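Here's the structure, in structure tokens; my notes come after.
Order of appearance sets the numbers: ligands from 1, and atoms from 1 within every ligand. None of the values given here were measured: they were computed from a predicted structure. Side-chain atoms are counted along with the backbone in the values below, which use heavy atoms only and exclude waters and symmetry mates. One is the number of the first residue; the rest follow in order along the sequence.
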Amino acid sequence: MPLGNVHGKHIVTIEGINQDELNPIQQAMVEESATQCGFCTPGFVMSLAGFCLSKNAATIQNAHAAIDGNICRCTGYKSIERAAARVAQLLESRTNEVPTQFVADRGILPGYFSTIEERLLGLSAHLNGELRNDFPLAERVGGGTDVYVQKHDALKESSILFLAEKASLKGIRQEGNTCDIGAASTVTDLMESPILQRYFPDFKAYTKLISSTPIRNLATIGGNLINASPIGDFTIVFLALDADITLNDGTQSRSLPLRDLYLGYKTLDRQPEEILEKITFDLPSPSSRFNFEKVSKRTHLDIASVNSAIQLLVDGNLITSVKLSAGGVAPIPRRLTNTEAFLTGKPLTEAVILEATQVAQTDIAPISDARGTEAYKRLLLSQLIKAHFIKLFPELKVESLLAQ
Ligand SMILES: Cc1cc2nc3c(=O)[nH]c(=O)nc-3n(C[C@H](O)[C@H](O)[C@H](O)COP(=O)(O)OP(=O)(O)OC[C@H]3O[C@@H](n4cnc5c(N)ncnc54)[C@H](O)[C@@H]3O)c2cc1C
């Protein structure tokens with residue numbers, strides 16, 4: 001985490017959860033022989049401490065999810081999973097108690113945790129959430145999960161504008177049928193948003209395919225879009241939602257469709273001084289259907305070889321509107337406009353879906369690289385388009401499409 005992003009936060013290190021004896025989380029790790037070489041152990045203990053402090057239900061699944069970004073290289077996962085399950089059991093009797101109070105009262109974590117919420121409020125009173133854009137050429141940093149990987153050394157010398165805690169860039173709001181997402185909202189904010197959960201019931205399932213809990217807690221949606229990666233997962237989602245973005249150069253704002261932002265590989269219709277403020281899109285109507293698919297070398301903790309999203313409106317058996325996006329198949333994340341035009345007005349049949357996968361080949365220009373050959377990526381896109389229809393229209397019973 002970039003230092004600038006800890007402003008207003010209370011940091012707890014592994015030493016900060018020590019008690020006279022091992023605390024119950026550490027004890028669970030010992031009892032399940034989950035410590036192995038010990039290098040990764042403090043990270044696992046801290047992630048499980050984070051789980052104990054979160055409001056997530058105390059289930060074994062949630063305990064496992066809390067450590068999904070921690071890596072052990074001594075083949076200790078099964079024992080670590082068992083330790084995590086024990087930690088979930090420690091919380092079983094929690095009902096409506098505030099988690100910080102519960103862990104302090106039960107001696108799971110030191111007593112000072114009972115005052116943490118109050119102390120955090122005290123800190124936030126001194127935070128300046130206003131966005132100032134006085135340094136037009138300062139490097140912008142959201143969660144820093146990409147830029148600090150790409151430009152680690154250069155950033156040591158740069159002036160930096162930290163955006164992650166700017167109140168004016170936070171929040172997910174609904175007004176009528178429109179949704180606004182502040183660019184500094186994190187992936188976790190999106191996963192926990194009641195608005196997104198209501199309109200996209202599978203949203204959590206999509207996001208579980210995207211990075212890991214620690215990265216999702218930091219990574220902002222603005223960073224994903226401005227990063228301009230040809231396989232940025234949220235970029236693909238918001239392209240299919242036909243989102244608009246708002247950029248601000250410090251004096252004025254302008255809006256443009258997200259699909260017009262990407263001009264060429266990592267080249268944007270954006271001036272260096274412009275900050276992405278928010279993303280705006282129309283919430284889907286009850287008759288609209290949306291799906292996101294991603295293929296990577298591993299199911300979890302991996303970037304996409306190819307990803308795709310679709311938003312469809314169907315009237316009876318007729319497709320009346322299609323927004324289809326794909327990543328990993330061109331220098332930019334893009335909408336597949338030929339395929340969209342082909343599908344619009346067509347009946348929903350197996351033959352039409354198969355022909356659409358052919359038309360899609362005219363929309364793309366993949367290259368062979370570490371994530372697959374050109375031919376493989378073309379095949380993947382075809383399969384993902386079929387997967388959209390299989391998932392969205394189970395009544396069509398077109399699962400056999402995947403073999404064609
Ligand atoms: C272990 C790991 C796993 C990952 N897995 C995935 C994955 O599965 N899918 C995926 O899509 N990505 C993945 N990423 C990439 C990255 O986490 C995401 O792209 C993330 O959304 C970037 O957001 P950020 O806030 O960290 O961006 P930053 O690193 O802070 O910034 C990225 C770029 O955007 C600019 N920027 C950020 N915010 C703004 C703003 N508001 N206005 C103007 N410019 C801005 C920065 O200047 C920089 O150029 C992964 C990264 C890591 C380290």
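- When heavy-atom distances to ligand 1 are checked against a 4.0 Å cut-off, Lys294 comes that close only through its side chain, counted from C-beta outward.
- With a 4.0 Å cut-off on non-hydrogen atoms, Arg270 touches ligand 1 through its side chain and not its backbone.
- When Pro272, Ala138, Ser296, Gly142 are ranked by how near their heavy atoms come to atom 30 (O) of ligand 1, first place goes to Gly142.
- By the 30° and 60° cut-offs, the orientation of the rings of Phe290 relative to Phe200 is perpendicular.
- Distances between N or O atoms of Val147 and those of ligand 1 include at least one value under 3.5 Å.
- Distances below 4.0 Å separate heavy atoms of Asn227 from the following atoms of ligand 1: 19 (O), 34 (O).
- Here Asp146 has heavy atoms under 4.0 Å from ligand 1 in both its backbone and its side chain.
- At least one heavy atom of Asp302 sits under 4.0 Å from some atom of ligand 1.
- Ligand 1 lies out of reach of Gln150, whose nearest heavy atom is not under 4.0 Å from it.
- Cation-pi geometry between Lys346 and Phe342 is met: under 6.0 angstrom from the ring centre, within 45 degrees of the axis.
- Compare Ile226, Ile210, Asn248 by their heavy atoms: the one nearest to atom 45 (C) of ligand 1 is in Ile226.
- Taking all heavy atoms of Asn224, Ile231, Asn307 into account, the minimum distance to atom 19 (O) of ligand 1 is reached by Asn224.
- Atom 14 (N) of ligand 1 is not flagged as protein-proximal [any protein heavy atom, distance under 4.0 Å].
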